[in-house]
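As a basis for the values below, the full set of heavy atoms in this structure was taken, side chains included, without hydrogen atoms, waters or symmetry mates. Every chain is numbered from 1, with letters handed out A, B, ... down the list of sequences.
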There are 2 protein chains.
Amino acid sequence: MSIRYALLGIISKKPVTGYDVVTIFKQTMIYFWSSTHSQIYKELHKMEEEELITHQLVIQGTSPNKKVYSLTDKGKKDLIRWAIEEPLKPAKIKDEFLIKTTIFPILSAEEINQLLDEVIEREQSILAKTKEWKEHFNSQGDSDIGTILTVEYGIRYSEMYLEWCKWAKQMIQDKA
Amino acid sequence: MSIRYALLGIISKKPVTGYDVVTIFKQTMIYFWSSTHSQIYKELHKMEEEELITHQLVIQGTSPNKKVYSLTDKGKKDLIRWAIEEPLKPAKIKDEFLIKTTIFPILSAEEINQLLDEVIEREQSILAKTKEWKEHFNSQGDSDIGTILTVEYGIRYSEMYLEWCKWAKQMIQDKA
DNA sequence: CGCGCCATGTAAGCAGTTACATGATTCC
DNA sequence: GGAATCATGTAACTGCTTACATGGCGCG
């Protein structure tokens with residue numbers, strides 16, 4: 001159900017198409033939520049049925065037509081109500097690599113090292129992209145406090161992860 | 001599908017009941033995965049059908065009978081195959097609080113502060129429990145490297161989160 | 001006598017993923 | 001000519017959550 005409020009949050013900043021919602025979602029929210037265009041389009045339809053958003057059809061001569069969504073009053077009220085009244089659900093992480101970590105005792109040193117290197121590479125690449133996005137966002141002169149805070153979260157998360165990997169490597173070497 | 005390997009990992013350490021699997025899962029894996037007894041019992045049944053695990057029924061005179069599960073050879077092979085061959089899927093986080101963060105611009109200073117305090121309290125309580133579990137685990141003389149690494153991950157994650165919250169509070173004050 | 005722990009399961013429903021499906025434009 | 005981007009959707013399936021359901025034991 002929270003995906004709904006993530007999308008309402010995006011639309012609350014400015015009117016956007018479904019396609020834009022997907023793009024913005026992936027740019028600004030992958031650090032703490034995940035979804036696909038498939039789920040997002042469905043949720044937009046549901047929210048429109050419930051009158052939380054409306055759309056205006058924009059006929060574009062040549063390129064495909066598009067629906068530009070904006071919040072209704074009801075939508076804005078519901079978004080704020082959710083933010084301040086709805087009790088916080090605990091955060092959920094699903095990280096396969098950490099499952100693999102639990103069975104390190106039955107893997108060989110090489111296998112463990114390969115896995116760790118793989119995950120370090122993955123995380124470094126994510127961190128680089130996040131920093132790039134932060135630079136891009138800063139250079140736009142945009143100062144949306146929400147975006148500033150969540151991008152920083154993304155960076156800190158990746159940095160913590162990489163530190164932990166480095167520590168884990170050391171730990172394993174010491175134990176061997 | 002990964003939940004399966006989390007459970008196989010638990011059972012690989014020593015034969016356990018479904019109830020034990022649930023308990024151990026919640027003690028050692030909540031930092032990076034989430035599930036419920038409902039899903040776990042179902043998955044155990046499926047895995048037994050596929051001959052990755054077997055059980056022995058233990059009749060307990062007075063208390064309810066229990067099924068003690070252990071890995072089959074097939075199960076152990078599949079677990080290791082998964083760990084070293086299956087490509088890593090990216091980690092997924094679902095954190096409602098960070099969705100709320102994105103709409104800070106439409107909330108009042110008090111509302112934001114209340115939300116932040118709430119989340120700080122939540123995270124402090126999680127961190128305290130994790131540290132407690134680490135102490136308990138250390139005092140057992142157990143030195144399972146998987147557990148050492150993942151508990152440390154849990155602690156570092158919570159510490160990062162709290163640091164970020166503190167930073168966010170400062171940031172919001174500076175902007176005001 | 002009630003609460004928490006041990007112990008196991010099922011059913012209904014919602015959330016989320018993957019694959020299928022289409023098509024124009026722009027840039028190289 | 002082909003790839004990337006803009007643009008929108010549906011179908012089938014799997015995963016996950018919430019609620020329902022039961023019951024004995026040990027402790028205070």
Touch class at under 4.0 angstrom, heavy-atom based, for A/Lys94 against every strand present: sugar-phosphate
Length of the line joining B/Trp33:CH2 and D/dC16:C1', which is rounded to integer Å: 12 Å
N or O in side chain of A/Lys67 less than 4.0 angstrom from D/dG9 OP1/OP2: yes
Spacing of A/Lys26 atom NZ relative to D/dT5 atom P, expressed in whole Å: 12 Å
Under-3.5 Å donor-acceptor pair between B/Ser38 side chain and D/dT18 base: yes
Carboxylate-amine/guanidinium proximity below 4.0 Å for A/Lys166 and A/Glu163: yes
A/Lys46/A/Glu43 ion pair, N-O < 4.0 Å: yes
Stretch residues 1-19 of chain B: residues that reach within less than 4.0 Å of DNA chain C through a heavy atom: B/Thr17, B/Gly18, B/Tyr19
Residue A/Tyr41, side-chain atoms from C-beta onward, closest of D/dG9, C/dT10, C/dT18: D/dG9
Touch class at under 4.0 angstrom, heavy-atom based, for A/His45 against every strand present: sugar-phosphate
The helix from C/dC1-D/dG28 to C/dC28-D/dG1: angle between end helix axes, five pairs per end, rounded to 10 degrees: 40°
5'-most by nearest nucleotide on DNA chain C - B/Tyr69 or A/Ser35: B/Tyr69
Check: A/Ser158/A/Glu123 side-chain N/O donor and acceptor closer than 3.5 Å: yes
Whole-Å distance separating the NZ atom of B/Lys46 from the P atom of C/dT10: 13 Å
Between C/dA7 (C1') and B/His37 (NE2): distance, integer Å: 10 Å
B/Ser34 side chain, from C-beta outward: closest of D/dT17, C/dT8, C/dT17: D/dT17
Length of the CG-C1' vector between A/Leu57 and D/dT8, whole Å: 11 Å
N-O pairing of B/Asp20 and B/Lys14 below 4.0 Å: no
Atom-pair distance (CD1 on B/Ile99; P on C/dA15), nearest Å: 13 Å
A/Tyr161-A/Asp95 side chain donor-acceptor pair, cut-off 3.5 Å: yes
A/Gln39 CD - D/dA12 P separation (whole Å): 19 Å
Atom-to-atom span, CG of A/Asp20 to P of D/dC6 - whole angstrom: 9 Å
B/Lys100 side chain to A/Ala83 backbone, donor-acceptor under 3.5 Å: yes
CG (B/Asp73) with more than 12 external heavy atoms under 6.0 Å: no
Nearest-neighbour nucleotide for the B/Lys42 side chain, C/dA7, D/dG9, C/dA12 considered: C/dA12
Electrostatic pair A/Arg4:A/Glu50 at N-O distance under 4.0 angstrom: yes
Residue among B/Lys74, B/Arg81, B/Lys76 satisfying salt bridge (Lys or Arg N to Asp or Glu O under 4.0 Å) with B/Asp78: B/Arg81
Heavy-atom check, side chain of A/Lys66 versus side chain of A/Tyr19, under 4.5 Å: no
